[in-house]
There are 2 protein chains.
Amino acid sequence: MYWPETVTINDVGLRDGLQLESTILTAEQKKLIADGLIKANVKTIEFGSFVHPKLVPQMANSGEVFELLKNQGDVKLIALIPNLKGAQNAASKGIKQVNTVFSASNTHNLQNIKQTTQTSIENYKQIKEFCDEHHMKLDVSLATSFGCPFEGEISESRIHSIIGQITQIGVDTITLADTTGMANPKQVYELVNGVVAQFPDQKFNLHFHNTRDMGLPNILAGIQAGVSSFDAALGGLGGCPFAPGATGNVCTEDVVHMLHNMGIDTGIDLDQLLKTSALLQDLVGHELPSSVLKAGKSNRKYEVPVS
Amino acid sequence: MYWPETVTINDVGLRDGLQLESTILTAEQKKLIADGLIKANVKTIEFGSFVHPKLVPQMANSGEVFELLKNQGDVKLIALIPNLKGAQNAASKGIKQVNTVFSASNTHNLQNIKQTTQTSIENYKQIKEFCDEHHMKLDVSLATSFGCPFEGEISESRIHSIIGQITQIGVDTITLADTTGMANPKQVYELVNGVVAQFPDQKFNLHFHNTRDMGLPNILAGIQAGVSSFDAALGGLGGCPFAPGATGNVCTEDVVHMLHNMGIDTGIDLDQLLKTSALLQDLVGHELPSSVLKAGKSNRKYEVPVS
């Protein structure tokens, strides 16, 4: 097995983690979480999205959140955008890095953003041109890369074809996203090995949900396939509209805890991360699915009871 | 990465899963669970233990449970025994396979069974002689093999030394147990690779807890190191006395679901397993930490909503 020296963790808790939460956090509350993440030395934070506020009310204050956060030195603050209008909104706020999302599954893309995957790729060209003109970095998240709740399996050849078209247009990082927690470690290893070999100069990032407890083994498999950048959400917040009550995004502190235990550096201060996760738990008002927040770190030692 | 064709899963839910539960299940209720496991084609079931009923009240009816279960064809029914007296009790019930447990950590062993690890190895000789005389198969579970909540790290050389002494005396299967959920995948890979190389003729089994969400990645790492037999508990039942409220044993249906998704056969009927887990949830009266019970299988397809 392969154990890299370092792995990068991007926190998406303020976006993917929060977007299905019914308790709307204020911009100031979101800033408290972002401040905690930054203090813990998290270097990439997806802080919000410019989608229609009626569709995702939790994201309505994303512009305000950025206003409170901007100028954070070397921390990348990323906004998710669904389309060109989202990119224009982000640009008007002075945002320098955006992540646009569409689905590898045609059916899922039609459901989610009312267009075919091919139309999304066409539209992507315009987004890319706009971002180039405005000196904004542009990432792509390819949703349902490891399976679709409507279609089932998505073929590897389809993923390769989409990545080929995106890289032709130009992109910073491509995230292969397991949107509804369907990926398994063998599939991750094989698909990611294939795309890394096919597109050796392209930066890849992986985004897993822990819906069926395969988040951490999928990260382990992704590492074996040569990827060293992963999304995770503080506290494991996040949900899946297809599995109400199921666990959400893979949990940042659980991922960092596992990586550190394996001697892989993330640059992140785990204790500070846990403090911030406890704060997030207070703010959303329910127990988070974080394991390490509940159980404590595995190197925690106990006193021998005096009999 | 290495993907074997088959992996064996042993269910320990009726023993390790239940032993900290405050709701005591009757022998008849335990039989319902065992029947469900057997119907799901689980071939090894640790159904109870012969420990002092004051220490673990949940296990007091283990003899009765065996009486209801015996003669199950090719299903191995294993009882955990702490000492020679436990073996004698098991023999008197007609039990043919027992699993004795002691800790690699001296401090943990002193706490748990009031003797040093070395004394446990001495006592093991007598247990082995007794089992040989009574034609009983004898397994050993080596608790805290991946770390001790009192001592912290347990050296690999200590594990090798203990295994060396056990194999000299003779043993069927040795289980390396991560008693309090401290193991990480790199450690599992390295330790297990080492012992498999050192003791190539010895059967090994691995026992993980999901306390810090590393149960499934540890199984993945164990597979890479060449082991193909794992303990798991139905519904992920089980706890850790050092982390109240934390997740327990790695969950049988989550493990089976991951393995099947990776094309690895366990011989187990996952749907029947899920039904049995739902029944167990009813019997213990609280939500189980099973992911697949909550979220459904990843190949579950959804209807496209009509707009």
Side-chain angles (χ1 to χ4, degrees), chain A residues 1 3 107 110-111 147-153 180-187 189 210-221 224-225 236 240 242-243 245-247 250-251 254-255 257-264 290-292 294-305 307, chain B residues 1 3 107 110-111 147-153 180-187 189 210-221 224-225 236 240 242-243 245-247 250-251 254-255 257-264 290-292 294-305 307:
Chain A
M1 297 187 87
W3 316 105
T107 312
L110 282 165
Q111 278 302 308
C148 166
F150 305 120
E151 291 188 14
E153 276 183 44
T180 60
M182 293 172 68
N184 71 70
K186 182 163 183 267
Q187 176 192 21
Y189 182 71
N210 203 29
T211 320
R212 292 160 182 101
D213 208 27
M214 294 189 282
L216 295 192
N218 285 336
I219 286 178
L220 190 61
Q224 303 312 304
C240 171
F242 298 99
T247 306
V250 70
C251 169
D254 289 352
V255 175
H257 176 266
M258 178 177 84
L259 293 171
H260 288 190
N261 279 13
M262 299 197 300
I264 298 173
S290 165
S291 295
V292 180
K294 213 173 287 167
K297 296 186 289 184
S298 60
N299 65 0
R300 176 173 163 189
K301 275 196 200 171
Y302 293 79
E303 292 293 319
V304 178
S307 55
Chain B
M1 297 187 86
W3 316 104
T107 312
L110 282 165
Q111 278 303 306
C148 166
F150 305 120
E151 292 188 13
E153 277 182 43
T180 60
M182 293 172 70
N184 71 69
K186 183 165 184 266
Q187 176 191 19
Y189 182 71
N210 203 29
T211 320
R212 289 154 184 108
D213 207 28
M214 292 189 284
L216 295 191
N218 285 338
I219 286 179
L220 189 61
Q224 303 312 305
C240 172
F242 298 100
T247 304
V250 71
C251 169
D254 289 353
V255 175
H257 176 265
M258 178 177 84
L259 293 171
H260 289 189
N261 279 13
M262 300 197 300
I264 298 173
S290 165
S291 294
V292 180
K294 213 172 287 167
K297 297 185 289 183
S298 59
N299 66 0
R300 176 173 162 188
K301 275 194 200 173
Y302 294 79
E303 291 293 318
V304 178
S307 55

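Order of the sequence lines fixes the chain letters, A, B, ..., with proteins taken first and strands second; residue numbering starts at 1 for each chain.
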Atom [atom1] of [X] and atom [atom2] of [Y]: how far apart are they, to the nearest 0.5 Å?
X      : Y      : atom1 : atom2 : value
B:N210 : A:S291 : CG    : OG    : 6.0 Å
A:M214 : B:L220 : CE    : CG    : 11.5 Å
A:K186 : B:N261 : NZ    : CG    : 11.0 Å
B:N184 : A:N299 : CG    : CG    : 11.0 Å

Look only at the side chain of A:R212 and the backbone of B:H257, and say whether a donor-acceptor pair between them is shorter than 3.5 Å.
-> no

At a 4.5 Å cut-off on heavy atoms, which part of [X] comes close to chain B: side chain, backbone, both, or neither?
X      : answer
A:D254 : side chain
A:T211 : both
A:Q187 : neither
A:L216 : both
A:A221 : both
A:E153 : neither

Heavy-atom distance under 4.5 Å to chain A: side chain of B:A225, backbone, both or neither?
->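 Answer is neither: B:A225 stays 4.5 Å or more from chain A.
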
Between A:P217, A:G215, A:G147, A:A183, the one whose heavy-atom pairs under 4.5 Å with chain B are most numerous =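 Going by pairs under 4.5 Å, I would pick A:P217.
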
Which of A:E151, A:M258, A:Q224, A:K294 touches chain B most, by non-hydrogen pairs under 4.5 Å =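 Of the candidates given, the most pairs with chain B belong to A:M258.
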
Sort out for me which of B:C148, B:P185, B:G152 touches chain A most, counting heavy-atom pairs under 4.5 Å.
->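 Among B:C148, B:P185, B:G152, the one with the most close pairs to chain A is B:P185.
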
Highest number of heavy-atom pairs under 4.5 Å with chain A among B:I219, B:V292, B:V304 belongs to B:V304

Nearest non-hydrogen partners of B:Y302 and A:F150, listed with the distance |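 For B:Y302 versus A:F150, the nearest heavy atoms are O-CD2, 3.4 Å.
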
How far apart are the closest heavy atoms of A:G181 and B:S298, and which atoms are they?
->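 Heavy-atom minimum between the residues: O-CB, 4.3 Å.
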
For the residue pair A:K301 and B:P149, establish whether any side-chain heavy-atom pair is separated by less than 4.5 Å.
->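 No - every pair of side-chain heavy atoms lies 4.5 Å or more apart.
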
